[in-house]
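Quick notes on the structure that follows.
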Amino acid sequence: MQIQIHTGHNIEGHEALANQVSDVVAESLSRFSDSITHVDVHLSDENSDKKGGDDDMRCMIEARLKGRQPIAVTDQAATLDEAVDGAADKLTRLIDSTLGRLHHQENHRTDPPLSSSINSH
């Protein structure tokens, strides 16, 4: 699973921040690592020009699942750490429910067996 970190122009994207965010995301998504090919994390400060304000740090995480369309979540919080944690939690729940639905559909097909449609003529 490849993880890329992108920062807005008002976020200091130093290596320590990138490593920390990457570690949090990798740990949160570790149980899905066989299903995820790529993860993009975008960090930004929504109110950087206004100085202050609640919940202005934003984290958007997009994950690409094998054979599926990308899925994305966003979280806003007072700090980057809180925003990253919130988005990682949301993405974990979304992937869990997405893969759970796929697994359920594969095991509980509702279409009739082929033999019944042949015998009806």
**Message:** Side chains of Met1 and Leu29, heavy atoms from C-beta outward: is any pair under 4.5 Å?
**Reply:** yes

**Item:** Val41 side chain reached by Cys59 side chain, heavy atoms, under 4.5 Å
**Value:** yes

**Asked** Which pairs with one or both residues in residues 16-41 pass salt bridge (charged side-chain N to carboxylate O under 4.0 Å, His left out), sequence neighbours excluded?
**Response** Arg31-Asp96, Asp40-Arg64

**Item:** Residues in side chain to side chain donor-acceptor pair (under 3.5 Å) contact with Thr7, at least two apart in sequence or another chain
**Value:** none

**Fill in**
Residues at least two apart in sequence or cross-chain that pass side chain to side chain donor-acceptor pair (under 3.5 Å) with Glu82, listed by chain then number, are none

Measuring from atom [atom1] of [X] to atom [atom2] of [Y], what distance do you get when rounded to the nearest 0.5 angstrom?
X	Y	atom1	atom2	value
Glu46	Asn10	CD	CG	10.0 Å
Lys66	Thr37	NZ	OG1	7.5 Å
Ile11	Arg58	CD1	CZ	11.5 Å
Ile36	Arg68	CD1	CZ	13.5 Å
Ile95	Ile71	CD1	CD1	4.5 Å
Leu94	Leu99	CG	CG	9.0 Å

**Asked** Would Gln4 and His38 count as a side chain to side chain contact (heavy atoms under 4.5 Å, CB included) if you check the C-alpha gap in whole Å, the side-chain angles of each, and the deciding distance to 0.1 Å?
**Response** CA-CA 8 Å; Gln4 276 192 299; His38 188 84; 3.4 Å; yes

**Prompt:** Given the rule in the side chain to side chain contact (heavy atoms under 4.5 Å, CB included) test, do Leu17 and Leu43 qualify, once you have shown the distances and angles that lead to the verdict?
**Reply:** CA-CA 10 Å; Leu17 173 64; Leu43 305 173; 4.2 Å; yes

**Request:** Using side chain to side chain contact (heavy atoms under 4.5 Å, CB included) as the criterion, list what pairs up with Gln69, not counting sequence neighbours.
**Result:** none

**Complete:** The ring-ring contact (aromatic ring centres under 6.0 Å, His included) partners of His6 (sequence neighbours excluded) come to His42

**Request:** Verify whether one side chain among Ser22 and Gln20 offers a donor that lies under 3.5 Å from an acceptor in the other.
**Result:** no

**Prompt:** Transitively linked via ILVMFWY side-chain contacts under 4.5 Å: Met60 with Val24?
**Reply:** no

When the side chains of residues 84-92 are checked against the rest of the protein, which donor-acceptor pairs come out under 3.5 Å, sequence neighbours left out?
| from | atom 1 | to | atom 2 | distance (Å) |
| --- | --- | --- | --- | --- |
| Lys90 | NZ | Thr74 | O | 2.8 |
| Lys90 | NZ | Asp75 | OD1 | 3.1 |
| Thr92 | OG1 | Ser28 | O | 3.4 |
| Thr92 | OG1 | Ala88 | O | 2.8 |

